[in-house]
Amino acid sequence: MGYVYMLLAAASWALIGPVSRLALDSGIAPVEVAFWRALFGGALFAAHALARRLPRPRGRGLGGAVLFGMLGVALFYLSYQYAVAYGGAALAAVLLYTAPAWVVLGSRVFLGQPIRAYGAGLVGLTLLGVTLLAWPLDGWAFNAAGVAWGLVSGLTYAGYYVYGKLQFARFHPVALLAVALPVGALVLLPWVEFSHKDAAVWAALAVLSVVSTYLAYLFYGLGLRRLEATRASLVATLEPVLASWLAFVWWGERFSLLGYLGAALVVLAVAGTALEPWLSRRRPAKR
C-alpha cells in the first residue's frame, strides 16, 4: 500500500501547476499563491489535529516542526520561485527534481540507510528522465543565481522525505504539519503583495489547499511510513509526468520525442523501485 499512497500523493501534487495557472493568469503573484496554500492547508491540518485530539509536538519535536516550516515550506516555495525568475522554468524543474539524489545522501547521513548500487542507478535514471522531460519545454537558460536557487529548492524539497522519516514515527504527521504549514505562511507573509481575487481564483486556491496540500500530505505521510525515504522520493517523481499529461489534456501542450523519452525513463525508474523488493527475494543467497 505504500506505493499506492505515494502515487496518490504524486497525482495530487501534479495538480499544482495546472490549477496554479488559473490563479497566476489572473495576476496573482506566485508568492501569494504559496502563502494562501500554506495558510489554508495549515488550517485544515490544525482542525484535523483538534478533531482527533492529537498530541501536539513538544520540545525538540516542536522545534523541528518550526524549523521544517521555515525551510521545508517557506524556503522551498521562495527558492523555487527565484529559480524560475533567474534561470527559467526548465532549469528550475530539472534542479528541483535533483531531490532524489539529495534524499540518497540525506538518508545515508541522517537515517543510516546504505547507498546501494541499484538505488543509485534508479536515481541517475530519474534525473536523466526529468532532464529530458523539462528540456524541450522552455529551452535551457543557464544562470549562476538560477542554478544556486534551483539547487536550494531541490535540497529543501528533499527535506520533506528525510524529515518525515525522522519525525513521523515519533509524532503524528497531521500534528507536525499543523505547526509547520502556518509557520511557513508566516515566514512568507512579508513578501506577499495581496491582489484582488474573484471566485475562480478562490476556487483554485481551495483546490491547491485541499487536494494538493491537505490530501497530498496525508497520502505522503501514510506512504512514507511504509517505504524507505529514497523509494518514496522516486515514486513521487511521477509528479512531473502526471503534470505534463494534465497540461496536454487541458491546454494541448506537447513534448518533443526527447520529452516523451524522459517521461518513459521516469516511469521506468519508479517501476524499478516497486520491483526492487521482489528482485531482492529472487537473488540467490551468498554462500
Side-chain angles (χ1 to χ4, degrees), residues 12-13 15-17 19-50 54 56-58 60-87 89 92 96 99 145-146 148-160 163-164 167 171 173-218 220-221:
S12 301
W13 281 324
L15 291 171
I16 295 175
V19 175
S20 294
R21 181 171 174 176
L22 298 175
L24 297 174
D25 287 352
S26 298
I28 309 299
V31 174
E32 184 180 356
V33 174
F35 166 79
W36 289 114
R37 180 188 171 201
L39 183 66
F40 290 156
L44 290 171
F45 278 111
H48 188 157
L50 287 173
L54 296 174
R56 289 176 294 177
R58 300 178 184 275
R60 291 184 178 181
L62 179 59
V66 171
L67 182 62
F68 175 67
M70 298 171 63
L71 300 178
V73 178
L75 181 57
F76 169 59
Y77 287 135
L78 284 177
S79 61
Y80 188 73
Q81 296 301 327
Y82 280 124
V84 173
Y86 285 113
L96 174 64
W149 282 113
L151 290 174
V152 171
S153 71
L155 179 60
T156 51
Y157 181 52
Y160 280 86
Y163 171 80
Q167 296 295 324
F171 303 100
V174 170
L176 291 172
L177 292 169
V179 175
L181 285 169
V183 167
L186 287 175
V187 174
L188 287 169
L189 183 58
W191 282 270
V192 178
E193 295 182 3
F194 294 101
S195 303
H196 172 74
K197 290 170 279 295
D198 57 21
V201 172
W202 284 117
L205 293 174
V207 171
L208 288 174
S209 302
V210 176
V211 179
S212 298
T213 305
Y214 178 66
L215 292 178
Y217 283 127
L218 286 182
Y220 153 80

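Everything numeric in this text was worked out from a predicted model, so none of it was measured.
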With rounding to the nearest 0.5 angstrom, report the [atom1] to [atom2] distance, [X] to [Y].
| X | Y | atom1 | atom2 | result |
| --- | --- | --- | --- | --- |
| L176 | L181 | CG | CG | 10.5 Å |
| Y214 | L177 | OH | CG | 10.5 Å |
| S12 | L218 | OG | CG | 9.5 Å |
| L15 | S20 | CG | OG | 9.5 Å |

**Message:** Checking L186 now: which residues fulfil side chain to side chain contact (heavy atoms under 4.5 Å, CB included) with it, not counting sequence neighbours?
**Reply:**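 If we apply the side chain to side chain contact (heavy atoms under 4.5 Å, CB included) test to L186, skipping adjacent residues, there are no hits.
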**Message:** Under the rule for side chain to side chain contact (heavy atoms under 4.5 Å, CB included), what residues qualify as partners of L189, not counting sequence neighbours?
**Reply:**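 So L189 forms a side chain to side chain contact (heavy atoms under 4.5 Å, CB included) with F35, F194.
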**ring pair (Phe, Tyr, Trp, His ring centres under 6.0 Å) partners of F68, counting only residues at least two apart** =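 If we apply the ring pair (Phe, Tyr, Trp, His ring centres under 6.0 Å) test to F68, skipping adjacent residues, the hits are Y160, Y163.
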**Prompt:** Who pairs with F40 by ring pair (Phe, Tyr, Trp, His ring centres under 6.0 Å), at least two apart in sequence or on another chain?
**Reply:**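 For F40, the residues satisfying ring pair (Phe, Tyr, Trp, His ring centres under 6.0 Å) (neighbours in sequence not counted) are W36.
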Heavy atoms only: give me the nearest [X]-[Y] pair and the separation to one decimal.
| X | Y | result |
| --- | --- | --- |
| A38 | Y77 | CB-CE1, 4.5 Å |
| V66 | V183 | O-CG1, 3.6 Å |
| G69 | V73 | O-CB, 3.2 Å |
| S209 | G41 | CB-N, 4.1 Å |
| A49 | V174 | N-CG1, 3.7 Å |
| T156 | S79 | OG1-OG, 4.0 Å |

**Message:** Assess the residue pair L78 and L188 against the criterion (side-chain contact (heavy atoms from CB on, under 4.5 Å)); give the C-alpha distance rounded to whole Å, side-chain angles, the decisive distance to 0.1 Å, and a yes or no.
**Reply:** CA-CA 8 Å; L78 284 177; L188 287 169; 3.6 Å; yes
**Sub-4.5 Å side-chain heavy-atom contact between L62 and V179** =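 The answer is yes, as the side chains (C-beta and beyond) meet within the 4.5 Å cut-off.
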**Item:** Note, L71 side chain near F76 side chain (heavy atom, < 4.5 Å)
**Value:**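 A side-chain contact under 4.5 Å is absent here.
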**Message:** Run the side-chain hydrogen bond (donor to acceptor under 3.5 Å, both in side chains) test against T213 and tell me which residues pass, sequence neighbours left out.
**Reply:**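 T213: side-chain hydrogen bond (donor to acceptor under 3.5 Å, both in side chains) contacts with R37.
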**Message:** Under the side chain to side chain donor-acceptor pair (under 3.5 Å) definition, can you give me all pairs with a residue in residues 182-204, not counting sequence neighbours?
**Reply:**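 Non-adjacent pairs meeting side chain to side chain donor-acceptor pair (under 3.5 Å): E32-K197.
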